[in-house]
Structure formats: C-alpha cells, structure tokens
Amino acid sequence: MLLRMNQAIAAGIRDEMRADPTVVVWGEDVAEAGGVFKATVGLHEEFGDRVRDTPISEMGFLGAAVGAASTGLRPVVEIMFIEFLGVALDQLVTEAAFYRYLSAGEVTVPLVVRGSVGAGMGFGAQHSQTLERWLVGSPGIKVAMPSSSRTAYGLIRSAIRDDDPVVVLEPRALYAEREDLEPSDEHIIPLGQAELLTEGDDVTLITLGNTVGTALTAARNAAWSADVIDLLTLQPWDRQLVFDSVSKTGRLVVVEESPWSGGWGADIVAAVTEELFGELRAPTVRVTTPDVPVPFAAELEARYLPASDEVTRQVDGLLETGRSIGPWWLREESLR
Amino acid sequence: MLLRMNQAIAAGIRDEMRADPTVVVWGEDVAEAGGVFKATVGLHEEFGDRVRDTPISEMGFLGAAVGAASTGLRPVVEIMFIEFLGVALDQLVTEAAFYRYLSAGEVTVPLVVRGSVGAGMGFGAQHSQTLERWLVGSPGIKVAMPSSSRTAYGLIRSAIRDDDPVVVLEPRALYAEREDLEPSDEHIIPLGQAELLTEGDDVTLITLGNTVGTALTAARNAAWSADVIDLLTLQPWDRQLVFDSVSKTGRLVVVEESPWSGGWGADIVAAVTEELFGELRAPTVRVTTPDVPVPFAAELEARYLPASDEVTRQVDGLLETGRSIGPWWLREESLR
Amino acid sequence: MSAAVTTELDRRAALMDRVARLERMLEIRRTEESIQAMFADGLVNGSAHTCQGQEAVSVALATVATTEDVVTCTYRGHGHALALGMTPTTVMGEVLGREVGSIGGVGGSMHLSDHTIGLLPTFAIVGAGIPVAVGAAIGRREAGSDGIGVAVFGDGATNIGAFHEGLNLASVWDVPVVFLCENNLYGEYSRIDRTTPFEDLHRRGAAYDIPSRAVDGQDADTLVDELGAEFEAARRTPGPRFVEVKTYRFVGHSRSDTAPYRRSGELDAWMERDPIAILGDRLESEGVLSAEGRASLERDVAARVQDAVDVVKAAPPPDLAAMFAHVTAQVAR
Amino acid sequence: MSAAVTTELDRRAALMDRVARLERMLEIRRTEESIQAMFADGLVNGSAHTCQGQEAVSVALATVATTEDVVTCTYRGHGHALALGMTPTTVMGEVLGREVGSIGGVGGSMHLSDHTIGLLPTFAIVGAGIPVAVGAAIGRREAGSDGIGVAVFGDGATNIGAFHEGLNLASVWDVPVVFLCENNLYGEYSRIDRTTPFEDLHRRGAAYDIPSRAVDGQDADTLVDELGAEFEAARRTPGPRFVEVKTYRFVGHSRSDTAPYRRSGELDAWMERDPIAILGDRLESEGVLSAEGRASLERDVAARVQDAVDVVKAAPPPDLAAMFAHVTAQVAR
Ligand SMILES: Cc1ncc(C[n+]2csc(CCOP(=O)(O)OP(=O)(O)O)c2C)c(N)n1
Ligand SMILES: Cc1ncc(C[n+]2csc(CCOP(=O)(O)OP(=O)(O)O)c2C)c(N)n1
Ligand SMILES: [Mg+2]
Ligand SMILES: [Mg+2]
C-alpha cells in the first residue's frame with residue numbers, strides 16, 4: 001500500500017506494540033490527536049492507555065521513560081521538534097545512555113526517542129535543525145535517520161527492539177512523502193547497516209535523511225557515476241560499506257543537512273582519511289548548510305539546504321580540477 | 001607571580017569587573033565560597049552583590065543571564081561541571097546563540113559561560129566529559145578552552161569583552177597547575193587565534209586544553225620534530241595557522257580529550273583534507289579517548305585519556321609505515 | 001491614524017485612551033484573521049499561532065507596561081507585539097518572510113522582536129522566556145531604570161522546568177518581574193485538566209511565596225486596572241508577582257488546527273465574552289462612542305489592516321546577505 | 001551477622017528488628033567514617049559525599065520499602081545502599097574503584113547500583129532521579145507488581161526543573177511514587193534560606209495537589225511509622241505522596257568541605273539529636289538492649305566494617321576490559 005512516512009512510522013510502532021505488550025508511546029498530543037505530525041495516528045484507538053499524552057515537560061516524561069525502560073517497559077517517546085531536547089538532554093545522554101555502564105549491565109534502557117528534524121518547512125530558527133551533533137559521540141546510545149517510508153518503518157522497528165536507547169531522527173520534510181510498502185517483518189532494517197542505492201565508479205556520495213534524495217537527483221542527471229550510500233544509522237555508522245565504496249571510487253563527497261562546522265560528515269571524512277588515505281584520488285568534500293541559524297523566508301531557507309545542483313557542481317569540480325571548489329557561500333558573488 | 005589556573009581565571013574576571021561595572025558573576029556557590037573549583041575567589045569580597053550564589057537551577061540562572069545580557073549586563077555564569085548544561089542547554093544554544101539573529105542585530109548577548117571539563121580527577125561518568133560537541137556547530141556562539149594559567153587569563157578576558165555568547169571550557173585537571181603570570185592587558189588573547197608552541201618539520205600536532213601538555217611531552221622526547229599548535233578557540237578555530245603548518249609538515253595528528261566518535265578533531269581533519277589534500281604526505285590521525293563513559297577506577301581513567309607515549313607511538317608509526325597504526329584499544333592484546 | 005505616519009511609541013502611548021484600546025483590539029483581530037486568510041491562500045510558510053479572543057490581554061499589558069519595561073512572550077505573540085506598538089505591516093511582513101518584517105523576514109511568525117518597545121525576541125520554546133524576563137528585570141534595574149520584567153506565557157508552560165526555576169529565582173532574589181500567565185485552558189490540543197492537577201494556576205505561586213491572583217482576561221477595563229495594580233506593586237515593592245489571566249483562544253492552536261478537542265459548548269460560551277464586544281458595547285452604552293463612530297472605527301481598522309496586507313504581499317523577500325547577517329558581531333563565513 | 005555469610009535480601013529483611021536498625025545505622029556511620037579516613041590517606045579518587053547524621057532516613061526507608069519497590073537516590077547514597085542491603089565491602093569497593101565494588105569500580109562513590117534490592121544506579125545530576133522514579137513506578141505496575149517508586153533527593157533539588165516536572169507528571173498520571181526529600185538545610189555550601197523562599201519544603205506539594213507532610217528525620221522509630229504510613233498510602237491509594245524529612249548532615253558536603261558556612265550552634269544542636277544515640281538510648285531504656293549489649297554491638301559493627309576496609313584495600317582494580325564492557329548490548333569498539 002502507499003504509505004506516507006508518518007504513516008509508515010505509525011505502522012512500525014503498531015506492529016511492535018502488537019508483538020510486545022511492553023511497548024508504550026508517550027509524548028505531547030500523541031494519543032487522541034495522533035501527534036502533531038500524525039506519526040502515531042491510530043495507536044491510541046488500538047492500544048488505549050499504552051499511548052499517553054504528556055504535559056509539556058520533556059525532562060519529566062523523558063525521565064519517566066528512562067525509569068519505565070529500566071523496569072521492563074519499552075517506551076517510545078516523541079520529542080516533537082528535536083530542539084526540545086535542549087530542555088531534557090540530560091535524561092538521554094547523561095542518564096539513559098550510561099545506565100547499562102553504571103549498573104554493570106544489570107539495568108538496561110530499551111528506550112526509543114523519536115524527534116522530528118530538519119529545515120525546508122518554514123518553521124524558523126528554533127524548529128528546523130537536525131542537531132544530531134548533540135547525540136553522536138555519546139557512548140551508550142544509537143542514532144538513526146530514515147529517508148523514506150520504507151526505511152522509517154524498518155528503522156523504528158529495529159529501534160524498538162533494541163535493548164539500548166535509540167534516537168530516531170525523522171526528517172519532517174519527508175513525513176508526507178509516499179512510498180509503496182507492505183508492513184512486515186522482512187522490512188526490518190538492522191541498526192548500523194547502510195544501504196548502497198546506486199553503484200558507480202567516480203565518486204562515493206554519503207547521504208542521510210533528507211539529503212538522500214538530493215544526492216540521488218544529482219547522480220541521476222550527472223556526467224559521472226556514483227555509489228550513493230544512505231547511511232541510515234549515524235551511530236554506529238557502517239564503516240565497512242563506506243570504506244569498501246571509497247576504496248573503489250577513490251573519491252568521497254558527503255552531503256549533509258547539517259552545518260559546515262560540527263556536521264556529522266566530518267567524522268566520516270576523518271575515518272576515511274585515516275584508513276584509506278592511500279586510496280583517495282581526490283580531496284574529500286562536504287556539502288553542508290552554512291553556519292547560520294535556519295532562516296525563515298522561503299527563498300533563503302531553500303538556499304540554506306544542500307541542493308542537488310550544488311552536489312553536481314561539487315562533483316563536477318572535483319573531477320575536473322582535482323580540487324574542492326569550496327562551499328557555495330564562499331563562491332557567491334552577491335556575498336562578496 | 002605564580003598563579004594556579006583557577007587563580008588566573010579569578011584574576012581575569014576581576015580585571016574585567018574593575019574595568020566594566022556591567023560585568024556580574026552568577027553560579028552555584030561562586031560568591032562567599034569562591035566556587036567549588038575556587039575560580040571566583042575574592043570576587044565577592046571586592047565586588048559584593050555583583051557576584052551572586054544561585055539556587056540549583058541551571059536553566060533558571062542561565063536563562064536569567066541571557067535576559068540580563070540582553071539588557072546591558074555582561075554576566076559570567078559558572079556551570080560547575082559541563083554535564084550540567086544538559087539541563088539548561090536550550091538557553092545557551094537555542095536562545096542566547098540566536099538572539100542577535102532573531103532581533104536583526106538589535107539585541108546582543110554578551111554572556112560568558114564557564115564550565116569545568118575533562119577526566120583524570122576521579123569524578124566518574126557524569127562529571128568528567130568535555131562535551132564541546134554540544135556547542136561546536138551552534139551558530140552564534142564561540143567556544144574556547146585554555147591550557148594554562150596564562151591562556152586561561154587571556155581567554156576569559158576576551159570572552160567577557162566579546163559581544164556574543166562565549167563558552168569557556170576549563171580543563172579541571174589544570175586548575176591547580178601553576179604558571180608565572182603578571183595579570184595585565186597585554187596577556188589578553190583574541191578569540192579565534194591559535195598558538196604555535198613548537199616548530200618542527202615532520203608533523204603538525206593539533207592540541208587543546210589538557211592535551212597540549214600531552215603532545216608537548218611527546219614532542220619533547222621524540223625522534224621527530226613537530227609544530228605543536230594549541231588551538232585555544234574551537235569555534236571559530238584558527239584555520240590559517242593550522243593550514244600553514246600542515247602545508248609545511250604535510251602530516252596532521254590531532255590529540256583530543258574527546259571520543260573517537262564525535263570528537264572535535266574530525267572537523268579539523270575534514271577541513272584540512274578538503275583544502276590541503278595535495279599537500280598531505282600521510283594519512284591524518286586522531287588520538288582520542290575510546291567511545292566509552294569515563295571510567296572511575298584510577299587505572300582505567302588513566303588509560304582512557306590520550307597519553308603522550310601513545311602520541312609518540314602514533315607519530316612514529318605514521319613516519320615509519322606511512323599509515324595509521326589505529327587507536328590503542330584496537331591494538332591492545334588483552335582486549336582481543 | 002495610519003500606521004505610516006505613526007511611530008511605534010505613538011501607537012503605544014495612544015493606549016491611554018479606551019477607544020484606542022478598542023481600536024487596537026480590532027486591529028489585532030483583523031491582523032490575525034488576515035494572517036489566517038493568507039495562510040489559506042498559501043502565502044505563509046510553516047506555522048502561525050494567532051490569538052483571537054485574547055486581545056484584551058495584549059492591550060491591557062501594553063497599557064500598563066511602560067517603555068522601560070522588558071517583555072518576553074511566545075510564538076503566540078502577534079497581539080502583544082501590535083499592542084506594544086509594532087505595526088501590522090511589520091508583523092505580517094515577518095509572518096510572510098519579507099524584508100519589511102520585524103526582523104527582515106528571517107524569523108517568521110514565531111520570531112518577532114523590537115527593542116524600542118521593550119519586546120525581546122519572542123520565544124518558540126515553551127517556558128524559555130520566563131527566566132529570561134527575570135534576568136531582563138535585573139538588567140533594567142542595574143541600568144538605573146525603574147523598568148520591570150514581564151514574562152508572558154501560557155497555561156501549558158506552567159508544567160515545564162523553566163517556569164519553576166524562573167519563579168524560584170525571582171522570588172529568592174526579589175526581582176521586579178510580573179509573571180503573566182495567559183490561561184486559555186489548552187496547551188496545543190490538550191485541555192488543562194489532562195496535563196495539570198488543577199485549573200487555578202495562580203495557586204502555583206504559593207510554592208515560591210509569590211503574591212498571586214487570577215483575573216478576568218476578557219474585560220479590557222477591569223484587566224487594565226487589575227494588571228496595572230500588579231505592575232505597580234512589582235515596580236515599587238520588592239519581589240515578583242504572578243497573575244493568571246483567564247482567557248480563551250477562539251481559534252485553533254495553529255493554522256492547521258480545527259480544535260476538534262474542545263469541550264462542547266465551551267467555545268460558544270467564551271465567544272459570549274468576546275473582549276472586543278465587551279469594551280465596544282460599554283463604550284457605546286457610556287456614550288463615549290456612537291453606533292456610527294464604532295462602525296466607522298471598525299471600517300477604518302479593517303481598511304488599514306487591508307492596506308498593510310497589500311503592502312506586505314507586494315514587499316520583496318530578504319536578499320541572500322540577510323541569511324549571513326547578525327549571526328555574530330563578525331560576519332558569518 | 002557477618003556480611004560474608006549474609007545475602008543482601010537477608011540484610012534487608014533484618015531491619016524488621018529495631019536492634020538491627022540500630023546496628024545498620026552504626027554500620028552506615030562507621031562505613032562513612034572509614035571512607036573519609038581512606039580519603040585522608042589518599043586512597044580515594046575524586047569526591048565522596050557522606051551522610052553522617054542522616055542514617056535514620058536510610059534505615060526507615062529500607063524498612064518500609066518492599067523489595068518490589070524501586071528507589072532512585074543521589075551521590076549521597078551510601079547510607080541508603082547499605083540500608084537497602086548492599087554490603088560495606090560492595091560500597092567501599094566502589095568508592096575505591098575496585099573490582100569488588102558495586103559495579104566493579106567503574107562508577108565510584110557517586111555511582112552505586114543494585115537491581116536485586118531495587119536500587120537503580122544512583123544519580124550524580126541533581127534532580128535527575130525524580131522523574132526516573134515516576135517512570136519506574138509505572139514500570140513496576142505494568143509488570144503486575146504492587147511495588148511503588150521512591151525518589152530520594154535533597155532540599156536543594158526542589159529548586160530544579162526535574163523536580164517540578166516529575167511531581168506534576170506523577171500527579172496528573174496518578175503514579176504510585178513517594179517523593180522523599182531529605183531536607184538537611186544545605187545544598188552544597190548554600191543554606192536553604194538563600195536559595196529557597198521557605199524552609200518547609202513540603203508546602204511545595206500543594207502546587208501539584210500531592211498530599212505532603214514533614215516528618216522528623218532523627219528518630220528512627222517515629223520515622224518508620226510515619227514513612228510507613230506514606231508508603232502504604234502510595235501503594236494502596238492513587239497518586240504520589242511527598243514527604244519532607246527534616247534532617248542534618250554532621251559532615252561537610254563532600255570530603256574537602258569543612259562546612260565553614262554553617263550557622264553557629266546549628267551543628268551542636270543537631271548533634272544533640274544524633275539518630276544513633278536516640279534509638280540506642282531508647283532501646284536501652286526500654287531494656288531491649290543492655291549497656292553491654294549495646295557496647296558489643298558497636299564493637300562488632302566497627303570490627304565488621306574494619307574487616308571490609310581491609311578487604312577492599314587488598315582488592316584488585318578492575319581489568320582493562322571493564323572499561324569497554326556494558327557500554328551497549330554490543331561490545332564497545
Ligand atoms: C519545550 C517545548 N515543548 C513543546 C513545544 C511545542 N509546543 C508549542 S506551543 C505548545 C503549547 C503551549 O501551550 P500554552 O503554554 O498553554 O500556550 P498557548 O499556546 O496556549 O498560548 C507546545 C506543546 C515547544 N514549543 N517547546
Ligand atoms: C544539575 C546539577 N547542578 C549542580 C550539581 C552540583 N551539586 C552536586 S550536589 C549539590 C547540592 C545538592 O543539594 P541537596 O539537593 O540539598 O542534596 P544534599 O547534597 O544536601 O544531599 C550540587 C549543587 C549537580 N550535581 N547537578
Ligand atoms: Mg494555553
Ligand atoms: Mg541538602
């Protein structure tokens with residue numbers, strides 16, 4: 001059936017709730033209303049009190065979820081916009097993430113935190129970031145980001161089954177995207193496994209979430225051919241698949257909806273450069289957002305996001321000159 | 001005079017408070033007690049109510065500092081251990097950092113957040129991280145980390161004079177380290193300027209905070225010669241000095257007290273690889289902590305931190321084999 | 001008066017007159033309706049939170065607050081901004097992301113700001129503005145002003161940590177700040193009884209020994225008096241005040257919300273207490289305003305807001321440089 | 001009884017007997033003193049927060065809490081851990097970072113944990129354990145247990161957001177949890193009057209409609225009765241309870257602290273109400289315990305704790321692999 005990404009997420013949670021009575025869903029307006037982004041629609045009707053609306057208190061209900069997870073439940077918590085973790089981060093990365101370690105393995109925290117991320121929807125500076133940087137590097141947690149209905153369904157199911165805290169960052173620009181999908185166990189996607197979407201010889205394009213489509217569009221119309229990899233899980237990321245691809249192509253371009261400074265792609269670049277330096281035929285390139293708050297005006301927000309034609313320009317430049325042409329905002333005439 | 005780093009910080013704040021009556025100091029037990037780490041000793045005596053103890057409510061007093069900074073004061077806020085930002089991060093990176101942008105430049109937030117960071121003191125998993133990754137990549141803020149009394153004095157003074165939010169991460173392992181220093185204006189260190197501590201030909205060692213000494217020790221006794229650079233400011237970091245050095249040495253090794261995943265060094269590596277690929281003669285290497293919570297037992301905590309002999313081994317290996325020997329925990333027999 | 005020839009401070013000062021308060025409430029109502037209409041026409045990106053039904057809170061706040069005072073409010077801030085003096089063109093310009101907007105179009109509906117009228121950048125994070133207002137009050141006093149801080153927030157915000165920490169800090173530090181809670185009974189789609197132990201939120205002030213009271217938010221006259229008394233108290237006597245304003249939003253939480261979750265009859269009952277009707281009827285019955293006068297006032301306001309709509313629709317978007325301006329004192333990049 | 005031949009559950013069950021409670025309070029006192037002594041000898045890294053003076057709270061808690069209940073407490077948790085059943089060897093082993101420690105030495109003084117006695121990993125972040133206990137109570141109930149959640153925290157923690165959000169959530173969701181506030185009048189070096197509007201913190205429960213009361217924390221007998229009643233209420237009737245225990249720490253906040261900030265005479269006055277003396281004297285006056293019996297009890301406990309000290313001093317540190325174990329279900333690296 002054709003499912004929007006938010007419907008696929010609801011389906012994934014539903015299937016885990018049917019299979020496991022310990023799975024519960026908590027968040028602001030996730031019950032009757034089915035969530036602000038409609039990613040929990042139908043769950044309250046089917047599972048009643050296992051799906052609960054919370055007061056506006058992320059620290060409170062995320063902390064409660066940590067306690068519930070420590071005592072046998074598998075809470076799936078919705079953080080409506082990922083920025084709201086800024087009032088509750090402690091419970092996720094300082095408490096939940098360390099609980100297994102600080103109990104010598106006795107206490108586990110099978111907690112899932114779902115947060116909507118990303119720009120392109122006109123929500124402004126405080127509701128448009130991806131903020132994976134708050135999470136990556138925190139020992140004890142896993143971080144995943146779907147790029148479609150299929151991957152959203154597959155990842156949320158793995159996340160719920162995982163015995164450690166897993167954060168699923170959902171690109172809100174994709175919630176309404178439709179994809180044909182028959183929800184079933186074989187669509188479960190193991191955490192830590194990336195997907196090779198297209199095969200090519202000239203360059204490896206590492207993508208995640210909303211930039212998967214950006215890179216595919218660029219690759220489709222390009223003069224060059226690329227391995228386009230959808231990373232899917234950011235922590236731990238699939239080193240093997242990435243290394244194998246770059247060993248083959250000799251060129252690495254990371255396409256990130258994340259700032260030039262502190263974006264997740266730097267980790268990939270650093271690992272590749274350390275492991276595969278001898279096989280690199282050209283500089284690594286990161287196509288990112290500029291280091292600015294996400295602007296509201298549609299014209300600016302569109303420029304803020306990594307664009308497929310910018311990906312094309314970057315790879316073209318890399319292949320032609322053997323050098324990086326640098327980020328667009330350093331090239332842009334009107335900004336001189 | 002010989003000043004411990006915590007005394008140098010107090011001296012820096014004192015000198016700015018004398019020069020500017022709008023500078024105030026808020027935090028838990030920073031007044032009469034002079035701070036848990038004694039970095040505000042003497043300020044309450046000299047400046048009275050401009051130095052205030054707060055309730056245990058980081059969100060409350062950091063938020064109040066944002067408001068005070070928006071209306072003419074220059075608050076210097078102490079976050080005793082950087083992990084405590086986990087209950088208040090919103091006010092720093094989502095509010096203060098965006099205020100200038102969200103007021104078209106009308107409202108500025110000359111706020112300084114001081115936080116103690118780092119392992120080696122036996123404070124355990126929730127009081128020993130550096131967590132610069134929560135901050136780097138947030139548009140609107142600056143992040144600095146001193147490595148000594150002199151640099152602590154110089155950076156805190158620049159931080160207080162800066163018209164934007166500045167976070168000063170203070171390696172707590174260095175608070176008690178003494179250095180000869182005559183507090184005065186010429187010791188002010190501009191934000192964004194790194195320092196070249198030693199000059200060499202074989203490799204560029206990028207260091208920060210507590211790893212400055214680690215790298216210097218390694219370089220002092222090594223068969224090779226190195227440019228050892230103390231980054232001092234992490235956002236924005238000194239691209240020019242780093243690029244010039246790597247162009248010369250052709251080799252980059254970053255020594256970080258930060259995890260292998262998400263550590264700050266990846267950004268440096270990515271920028272260098274993109275800009276100077278042609279000049280790199282060897283893979284870049286990151287000497288980091290493992291991806292684990294900071295262990296308490298002294299024997300383990302000592303292994304957790306990047307050690308100078310590990311830096312030596314890494315550079316030796318790089319020069320001998322032209323490849324990275326990989327992090328110690330992947331080489332360690334007893335962990336196989 | 002036309003927005004064009006009037007400064008924001010004039011607009012603020014005008015509120016000393018009750019007819020001007022009625023006019024301002026009408027302006028807020030028409031502006032919010034225009035925003036919803038432009039939304040329907042696909043002219044507005046993202047979201048927008050309008051405040052129809054709560055206009056009396058905005059004008060009363062702007063009437064009793066001096067320009068020395070510093071106000072923090074939320075994404076539901078169009079009405080407060082207009083009352084404090086911002087023009088419809090500036091508000092709607094920001095909502096549409098145009099250069100004429102409050103901050104040049106880089107912020108949007110949730111991010112208005114105007115230093116000259118004492119409005120700090122509005123907050124899109126629930127509760128965040130509460131401790132900020134406490135600090136702003138300290139800043140004003142240190143600057144030798146007799147201004148106070150004013151934190152405007154909703155009922156739902158009283159459940160979040162920043163509320164607790166902000167009120168506690170203001171109490172122990174004796175900060176001159178008024179905590180103004182607009183209790184419109186809903187936090188997003190959740191009615192207060194499902195998220196909070198009781199509806200009389202002013203009771204929460206006792207946990208901080210803060211003098212607290214509830215007031216009617218629909219009658220602009222009584223609200224100006226009662227809020228005025230609280231502002232005076234905060235200005236002249238040590239420590240904060242907590243005022244719970246009982247009000248109701250006649251529209252959904254944000255554009256897309258049709259508010260199916262309302263209790264039946266609740267909306268009608270509250271619409272009986274439309275703040276614009278209450279003040280308009282009273283001014284008319286007092287003979288302050290004639291029937292025709294009232295009608296022409298409504299026409300004038302509608303026309304003025306429509307002019308503003310035409311202006312912003314025709315206004316250019318910000319240019320690319322705006323994206324990189326004002327990130328830090330130094331230019332980004 | 002010697003720690004060696006006694007399970008943690010036996011140690012817990014033993015507290016049904018008042019003499020055992022006295023013995024446990026003595027054990028806590030000696031253990032904390034030993035930790036301070038080892039600190040002075042440079043054997044302990046980092047910091048340690050001991051609880052001399054508050055022992056009655058620990059034994060009363062452990063007496064009225066069933067092993068179905070789940071407890072969250074803080075860095076000042078040695079006494080609670082010992083009372084709940086953890087042995088001195090396990091506690092001191094962790095404080096010294098040895099393999100015999102509660103979690104094998106990777107946690108230290110602030111991080112004890114024992115699933116079998118219902119103690120979740122202790123919290124080094126003020127307030128963090130409060131919402132966690134709320135969720136733990138929900139988890140227990142969903143598992144069909146009649147266990148409740150217990151959040152133990154200090155007076156200073158009542159000023160932080162997690163306290164507010166945790167109590168509000170427990171109230172609106174009717175969660176069976178007891179919020180146990182150890183009001184020892186100080187948060188680190190700050191006396192309560194400088195950080196909080198009033199000292200009777202149980203008054204804060206009203207902001208959440210939570211039944212709340214204050215109890216004397218120095219008399220183990222009355223505390224067991226009063227705390228027991230609250231636990232029963234939480235277990236049998238819907239919703240949480242808030243209990244403020246008036247107590248005092250006879251030592252500094254942490255090892256390095258000599259507590260120069262105390263009000264003069266305050267310490268002496270409280271030491272007059274040493275919980276160990278109060279129960280010991282009463283048992284003796286009641287003839288439950290003879291003078292010699294009491295003396296030998298004290299000798300036994302001192303000897304037993306000394307044995308534990310010798311054990312942990314001789315115990316090996318964790319091996320390198322411990323640093324990489326238990327990061328996630330998968331092995332780190
Ligand atoms: C920390 C945080 N959590 C959740 C949200 C999402 N959110 C935006 S408005 C809102 C409801 C707020 O209700 P209330 O405080 O009563 O204000 P009102 O909208 O009624 O004016 C919520 C939950 C947010 N912006 N910030
Ligand atoms: C969020 C946070 N802020 C600050 C601290 C530092 N700190 C540790 S204990 C403490 C005092 C806590 O006082 P109280 O809650 O009364 O507990 P007590 O130590 O008296 O048992 C403080 C401020 C912390 N651990 N966490
Ligand atoms: Mg509301
Ligand atoms: Mg205390």
Specify which of [options] makes the most heavy-atom pairs with chain B at under 4.5 Å.
options                        : answer
D/S109, D/G104, D/S190, D/G187 : D/S190
D/V106, D/V126, D/I103         : D/V106
D/A124, D/A162, D/P318, D/G161 : D/A124
D/T196, D/I192, D/T195         : D/T195

Of the backbone (N, CA, C, O) and the side chain (C-beta and beyond), which part of D/F163 lies under 4.5 Å from a heavy atom of chain B, both, or neither?
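For D/F163, neither part sits under 4.5 Å from chain B.
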Chain B contact via D/L96 - which portion, at a heavy-atom distance below 4.5 Å:
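Contact with chain B: backbone only.
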Might you point out which heavy atoms bring [X] and [Y] nearest each other, and give the distance in Å?
X      : Y      : value
D/Y189 : B/A33  : CD1-CB, 3.5 Å
B/V87  : D/I160 : CG2-CD1, 4.5 Å
D/N159 : B/S57  : O-CB, 3.5 Å

With rounding to the nearest 0.5 Å, note down the distance linking [atom1] in [X] to [atom2] in [Y].
X      : Y      : atom1 : atom2 : result
D/R98  : B/F296 : CZ    : CZ    : 9.5 Å
B/D53  : D/R191 : CG    : CZ    : 14.5 Å
D/M110 : B/Q126 : CE    : CD    : 7.5 Å
B/I56  : D/I125 : CD1   : CD1   : 11.5 Å

Could you tell me which residues satisfy side chain to side chain donor-acceptor pair (under 3.5 Å) with B/T211, sequence neighbours excluded, listed by chain and number?
none
Could you tell me which residues satisfy salt bridge (charged side-chain N to carboxylate O under 4.0 Å, His left out) with B/R313, sequence neighbours excluded, listed by chain and number?
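So B/R313 forms a salt bridge (charged side-chain N to carboxylate O under 4.0 Å, His left out) with B/D309, B/E310.
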Neighbour count above 12 (heavy atom, 6.0 Å) for B/R331 CZ
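Count over threshold, so yes.
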So for B/F81, is it side chain, backbone, both, or neither that comes closer than 4.5 Å to the heavy atoms of chain D?
neither
Below 4.5 Å from any heavy atom of chain D, which atoms of B/S261 appear? Answer side chain, backbone, both or neither.
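Interface part for B/S261: neither.
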Going by the salt bridge (charged side-chain N to carboxylate O under 4.0 Å, His left out) test, which pairs reach into residues 246-261 of chain D, not counting sequence neighbours?
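Residue pairs passing salt bridge (charged side-chain N to carboxylate O under 4.0 Å, His left out), neighbours aside: D/D200-D/K246, D/E244-D/K246.
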Interface residues of residues 35-47 of chain D facing chain B - non-hydrogen atoms under 4.5 Å apart
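Result: D/N45, D/G46, D/S47.
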Aromatic ring pairing B/W329/D/F324, orientation class (parallel under 30°, perpendicular over 60°, tilted between)
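B/W329 vs D/F324 ring planes: tilted.
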Residue selection (most heavy-atom pairs with chain D, distance under 4.5 Å) from B/E301, B/H127, B/M59
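Most heavy-atom pairs within the cutoff with chain D belong to B/H127.
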Worked check of side-chain contact (heavy atoms from CB on, under 4.5 Å) between B/L335 and D/L320
CA-CA 8 Å; B/L335 296 173; D/L320 192 57; 4.2 Å; yes
